[in-house]
Protein chains: 2
Amino acid sequence: MFSIGQLSKQTGVKVPTIRYYEQVGLLVSAGRTEGNQRRYDKEGLERLGFIRHARDLGFSIEAISALIDLQQHPDRSCQEATEIAQDQLADVREKLRRLTALETELVRISEGCDGDGSSNDCYVLTSLADHRHCRTEHYC
Amino acid sequence: MFSIGQLSKQTGVKVPTIRYYEQVGLLVSAGRTEGNQRRYDKEGLERLGFIRHARDLGFSIEAISALIDLQQHPDRSCQEATEIAQDQLADVREKLRRLTALETELVRISEGCDGDGSSNDCYVLTSLADHRHCRTEHYC
DNA sequence: CCTTGAAGCTCTAGTGACTAGAGGTTGTAG
DNA sequence: CTACAACCTCTAGTCACTAGAGCTTCAAGG
Ligand SMILES: [Zn+2]
Ligand SMILES: [Zn+2]
Ligand SMILES: [Zn+2]
Ligand SMILES: [Zn+2]
């Protein structure tokens with residue numbers, strides 16, 4: 001049996017975050033001591049590892065919830081799991097697309113000024129004031 | 001003079017967002033009507049355009065505040081402006097780096113399963129359970 | 001001049017995924 | 001038995017909005 005601190009050390013997830021995961025229903029402790037402290041078993045450790053890894057891949061709490069539900073029912077089809085992964089991939093690709101546009105514009109803007117003039121005619125400031133200087137459509 | 005709704009239409013910034021910008025000190029109205037409604041002049045319209053464009057490039061409210069301060073003092077050096085832009089570019093590049101790693105792993109994971117098996121031995125679920133399947137270090 | 005309805009106002013609370021802090025209790029090593 | 005690290009709960013804060021309630025004002029048509 002592990003304390004919350006031991007779980008934290010083994011997975012790299014901070015203690016308050018583990019408590020937060022319990023609050024939102026992702027991870028329940030195996031039980032409590034007489035003094036009300038959480039105790040986890042090996043299953044809890046593995047589940048927290050799963051959560052951590054999925055979070056590190058950008059999956060939302062909601063998506064991870066669904067994935068854990070699937071894991072608990074080994075007989076169910078894994079179609080939903082692949083859909084969730086594909087959705088996440090699509091999200092990431094969309095973000096990449098947007099950030100690439102941002103990078104293009106920020107490179108142009110940054111290179112347009114050495115920072116040694118007056119802010120009166122600074123290329124950074126004038127570029128920000130007018131989207132018509134931009135080569136791409138962009139937003140976050 | 002423009003009402004908040006006219007400003008909204010011209011810039012594409014939603015009305016509650018404009019009020020939020022006032023609350024955090026980014027944009028003040030030129031004045032109020034007798035009935036307490038906000039009225040803006042051309043300067044306000046331009047400033048909101050600046051804010052909108054900077055937000056669309058991912059700058060934080062805090063950064064935009066600093067940039068507007070610089071704009072208000074045309075005699076000051078624009079060094080800070082270029083620094084802010086370069087910081088933003090560095091941020092964007094860091095995010096791109098991370099998202100690219102995520103994409104690599106998510107492609108592998110998505111392609112590893114057709115979604116026609118049982119969740120018992122689904123490649124998506126086993127990959128999520130163990131980082132050792134991953135080819136990159138990754139996090140958000 | 002009067003009515004109507006769109007548009008405005010303020011204030012509070014909710015979003016996601018935590019993080020920080022206060023103030024108190026428990027576990028454990030020496 | 002004592003010290004103190006680690007634990008507990010609860011509230012509030014982060015960022016940049018967004019939604020809603022409940023009320024007031026503006027402007028156009030009759
Ligand atoms: Zn400059
Ligand atoms: Zn632009
Ligand atoms: Zn599968
Ligand atoms: Zn991994």
Side-chain angles (χ1 to χ4, degrees), chain A residues 1-40 44 48 50-68 87-88 91-92 95 98 102 139-140, chain B residues 1-40 44 48 50-68 87-88 91-92 95 98 102 139-140:
Chain A
M1 296 292 254
F2 313 104
S3 71
I4 197 169
Q6 289 170 329
L7 219 64
S8 171
K9 246 174 221 148
Q10 296 208 45
T11 58
V13 178
K14 289 178 190 158
V15 168
T17 306
I18 299 175
R19 289 198 275 251
Y20 169 74
Y21 287 156
E22 179 175 313
Q23 201 191 321
V24 298
L26 266 194
L27 177 70
V28 229
S29 64
R32 300 270 183 141
T33 63
E34 277 187 23
N36 200 33
Q37 299 196 358
R38 291 167 181 84
R39 288 298 177 264
Y40 299 89
L48 184 55
F50 183 93
I51 296 168
R52 161 97 218 244
H53 194 220
R55 286 292 304 130
D56 280 352
L57 286 162
F59 289 91
S60 70
I61 299 283
E62 199 188 347
I64 296 171
S65 250
L67 290 166
I68 287 176
D87 285 358
Q88 175 61 11
D91 267 20
V92 165
K95 279 183 190 153
R98 292 183 192 179
L102 257 60
Y139 59 103
C140 307
Chain B
M1 297 293 254
F2 313 103
S3 70
I4 197 169
Q6 290 171 328
L7 218 64
S8 171
K9 246 173 220 148
Q10 296 208 45
T11 57
V13 178
K14 288 179 191 156
V15 169
T17 306
I18 299 174
R19 289 198 275 252
Y20 168 74
Y21 288 157
E22 179 176 313
Q23 201 190 321
V24 298
L26 265 193
L27 177 70
V28 228
S29 63
R32 300 270 182 140
T33 63
E34 276 188 22
N36 200 34
Q37 299 196 355
R38 292 166 179 84
R39 288 298 177 264
Y40 299 88
L48 184 54
F50 183 94
I51 295 168
R52 160 101 219 245
H53 194 220
R55 286 293 303 131
D56 280 352
L57 286 162
F59 288 91
S60 69
I61 299 283
E62 199 188 348
I64 297 172
S65 248
L67 290 167
I68 287 176
D87 284 359
Q88 176 61 11
D91 268 20
V92 165
K95 280 182 188 153
R98 292 183 191 179
L102 256 60
Y139 59 103
C140 307

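The sequence lines fix the lettering, A, B, ..., with proteins before strands; numbering per chain opens at 1.
At least one side-chain heavy atom of B:S8 sits under 4.5 Å from a side-chain heavy atom of B:I18. The side-chain heavy atoms of A:R39 and A:T33, taken from C-beta on, include a pair separated by under 4.5 Å. The closest side-chain heavy-atom distance from A:Y21 to A:I61 is below 4.5 Å. Here the side chains of B:L27 and B:I68 are not in contact, with every heavy-atom distance at 4.5 Å or above.
Annotation: proximity of residues 4-23 of chain A to DNA chain C (heavy atom, distance under 4.0 Å) is found for A:K14, A:T17, A:Y20, A:Y21, numbered in ascending order. Contacts of residues 24-37 of chain B with DNA chain C (heavy atom under 4.0 Å): B:R32, B:N36, B:Q37.
At whole-Å resolution of the value, CZ in A:F59 and P in C:dG16 are 18 Å apart. Between the P atom of D:dC7 and the CZ atom of A:F2 lies a distance of 14 Å, rounded to the nearest Å.
Side-chain N/O atoms of B:R38 include none lying less than 4.0 angstrom from OP1 or OP2 on C:dG8. Within the 4.0 Å cut-off from OP1 or OP2 of D:dC7, at least one side-chain nitrogen or oxygen of A:S3 is found.
Closest approach to the B:R39 side chain among D:dC26, C:dA17, C:dG27 is made by D:dC26 (side chain taken as heavy atoms from C-beta onward).
Ion pairing between a basic and an acidic side chain is recognised when a charged N comes within 4.0 Å of a carboxylate O; B:D91 and B:K95 show no such pairing. Between A:R32 and A:E22 there is a salt bridge, since a side-chain N of the basic residue sits under 4.0 Å from a carboxylate O of the acidic one.
More than 12 non-hydrogen atoms from other residues, nucleotides or ligands lie less than 6.0 angstrom from CD of B:Q6.
Closest non-hydrogen pair, A:V15 versus A:G5, comes out as CG2-CA, 4.1 Å.
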